[in-house]
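I have placed the structure first, in the form of structure tokens, so that the comments after it can refer back to it.
The chains referred to below are lettered A, B, ... by the order of the sequence lines, with proteins before strands, and numbering in each begins at 1.
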Amino acid sequence: MSSATIRQILLITDGCSNAGEDPVAMSSLAKEEGLTVNVIGIMDEGDEDERGMSEVQDIARAGGGMSDVVYARQLSQTVQMVTKKAMTQTIQGVVNKEISQILGKNQAMEDLEPEKREELMEVVDDLGETASLDILILVDTSASMKNKIPRVQEALLDLSLSLRSRQGENHYCLYSFPGKRKQVEKLLSWTPEMDSLKGSFKKLASSGVTPTGPAIMEALNVFSKRMKKGSSRDERAYIEESGM
Amino acid sequence: MREPTSKNQVCSFRSGQRITGRWHGNQYLIVRLLGEGAIGKVYLAKKGVQSVAIKVARESMSISSEVRALRQVSKVQGISLGPFFIDMDDVSSSSGTTSFYVMEYIEGEPFLPFLKSRGNEWMALFLVQLLGDLANLHKAGWVFGDLKPENLIVSHHPFSLRWIDVGGMTKLGRSIKEYTEFFDRGYWGIGDRKAEASYDLFSVAMLMLNRGYFHRFEKTGLDGRKQLVAKVKQQPVLDPFSSIICKGIEHRYDNALEMKRDLLDVLQKEKKRSALSRVKKKKLLKQSKKVHSPSNQVQTTKEKKYRGLYETLIFASFLLLLYILYLVG
């Protein structure tokens with residue numbers, strides 16, 4: 001189990017999708033492929049967009065992940081917390097599957113006696129610490145996000161600090177939507193070093209289009225390519241082949 | 001901050017509600033809500049006549065995780081600060097199953113307000129106590145993690161420092177489970193979030209800094225270390241501790257005992273200094289008496305007053321010394 005890999009999509013947005021496929025449907029599809037979709041909504045101080053916020057929750061629910069809606073200044077702490085919690089949840093899901101195979105249907109960790117649960121929690125903790133983690137980050141870069149981008153960058157660097165403190169390996173890649181010419185644009189290929197994202201956000205689209213659905217769709221493609229490659233550790237070779 | 005949305009359990013009890021554990025069968029009477037945090041809620045309750053604290057969480061598994069930490073703390077020899085673990089169980093209701101755990105109820109004052117109303121020596125005293133326990137915790141292979149004033153409480157008779165939340169406890173060498181930005185070296189860009197002794201010692205240093213700035217400040221600019229050191233120097237209240245705080249911030253302590261030793265040194269120096277200044281005052285008083293001999297009577301009463309104060313102070317510092325010896329010994 002030490003070579004287990006957890007695959008997550010982390011979506012950071014400040015509003016509602018308004019172009020392309022339905023993001024909730026795309027998120028369900030991602031879940032079917034074994035991915036987890038976490039969504040973080042950024043709201044402006046004093047302005048809570050209810051429609052956008054309920055979409056945030058719906059996408060995460062469909063993608064089997066976590067969601068939270070926060071102000072930009074709370075972004076760092078939220079991003080790392082949501083990511084870690086979602087990891088734990090994924091591992092618990094795997095453990096629960098094993099349990100129901102042994103103990104019968106509809107049995108989960110919660111149904112065990114408290115002392116056994118504690119022991120299982122130790123296993124879950126161990127796995128969370130040592131598992132490899134692949135995160136594909138999707139950042140909404142539509143016009144309204146412009147002043148929030150520095151906070152997003154800060155939060156992503158903070159996330160890599162938290163994850164780097166784990167024993168397991170981490171790999172990140174970064175896409176923005178809408179892109180300059182395409183709906184979704186690659187800013188950073190798979191890399192173990194998030195530090196290289198500094199400066200990736202220089203060129204931002206100024207359009208008001210938010211193609212969240214297509215962005216998740218693209219994330220799915222990127223992941224399925226990566227999974228086909230298997231657990232190839234040679235990142236450079238991989239990047240060359242998948243370069244778009 | 002709100003908890004990320006996922007499968008949540010009901011995590012509220014009512015005052016006056018009776019709950020019976022599904023597995024161990026213990027009965028509890030909920031008295032009132034004590035506090036609410038990111039993970040869940042804590043209630044005051046009665047188990048028979050005994051007052052206890054009951055914690056419920058939005059996620060059942062975070063209860064298991066905390067109980068594991070609590071049990072670990074109670075296994076470590078020489079730790080007196082953590083709450084005693086009493087019970088963990090589930091309670092079923094029409095709206096589902098709720099997991100909870102029961103611990104000793106610690107009555108007391110919040111840490112920072114207590115320090116506000118009393119002198120610096122109390123902070124030093126409590127931190128000496130805290131560092132002693134941290135040393136034992138680290139030796140046993142654990143790091144406290146989320147060390148902040150809100151997780152500390154001062155209980156009375158006698159005044160002593162206690163931990164009330166061990167949710168951040170992490171095995172040495174792993175990634176810190178829970179943290180609060182002001183007390184987190186990662187936030188200030190001065191280190192990673194690996195569970196090491198120096199992670200906790202950084203938080204202890206920030207605890208002292210928080211005593212100088214009751215309103216916590218945010219990181220401005222890129223160099224967090226520089227900002228913090230400047231803040232230490234700017235606040236006169238922190239003067240006696242400034243070198244200790246800076247050493248903690250810069251990870252120049254290898255273990256908690258070193259930091260504790262430095263604090264004890266400061267305590268002793270402070271005592272000597274204040275005694276010295278008192279003697280000086282007395283000398284000055286005598287001199288002024290010689291000069292203004294006509295108002296003799298007024299002076300004598302004044303001196304009497306001072307002598308009374310002086311004796312009280314000596315007595316107080318003697319008591320404090322005894323107390324320190326009691327804690328350290």
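- Within the 4.5 angstrom heavy-atom criterion, atoms from both the backbone and the side chain of Glu113(A) approach chain B.
- Taking the six-membered ring wherever Trp is involved, the centroid distance between the rings of Phe183(B) and Trp188(B) does not fall below 6.0 Å.
- With a threshold of 4.5 angstrom between heavy atoms, Gln80(A) approaches chain B through side-chain atoms but not through N, CA, C or O.
- Looking at Gln167(A), only its side chain comes within 4.5 Å of chain B, counting heavy atoms on both sides.
- Of the possible polar contacts, none joining the Lys226(B) side chain to the Leu222(B) backbone as a donor-acceptor pair under 3.5 Å is found.
- Between Tyr213(B) and Phe217(B), the distance separating the two ring centers is shorter than 6.0 angstrom.
- Contacts of Asp90(B) with chain A are made by side-chain atoms alone, with heavy-atom separations under 4.5 Å and no backbone atom involved.
- Between Phe100(B) and Tyr28(B), the ring-plane angle classifies as perpendicular under the 30° and 60° cut-offs.
- Ranked by heavy-atom pairs shorter than 4.5 Å toward chain A, the options Ala195(B), Ser175(B), Gly189(B), Ser62(B) are led by Ser175(B).
- Between the side chain of Glu55(A) and the main chain of Ser17(A), a donor-acceptor pair closer than 3.5 Å is present.
- When each of Arg164(A), Glu122(A), Arg166(A) is checked for heavy-atom pairs under 4.5 Å with chain B, Glu122(A) comes out on top.
- Checked by atom type and distance alone, the side chain of Thr170(B) pairs as donor or acceptor with a backbone atom of Lys177(B) at under 3.5 Å.
- Residue Arg117(A) touches chain B through both its backbone and its side chain, counting heavy-atom pairs closer than 4.5 Å.
- Neither the backbone nor the side chain of Glu154(A) has a heavy atom closer than 4.5 Å to any heavy atom of chain B.
- No donor-acceptor pair closer than 3.5 Å links the side chain of Glu178(B) to the backbone N or O of Gly145(B).
- Between chain B and the options Met121(A), Lys84(A), Glu129(A), heavy-atom pairs under 4.5 Å are most frequent for Glu129(A).
- Most heavy-atom pairs under 4.5 Å with chain A: of the set Lys194(B), His24(B), Met61(B), Glu218(B), this distinction falls to Met61(B).
- With a 4.5 angstrom heavy-atom cutoff, Tyr101(B) does not touch chain A via any of its atoms.
- Between the side chains of Arg193(B) and Ser162(A), a donor-acceptor pair is found at a separation under 3.5 Å.
- For a residue to count as touching a neighbouring chain, one of its non-hydrogen atoms must lie under 4.5 Å from one of that chain's; by this rule Asp125(A) touches chain B with backbone and side chain alike.
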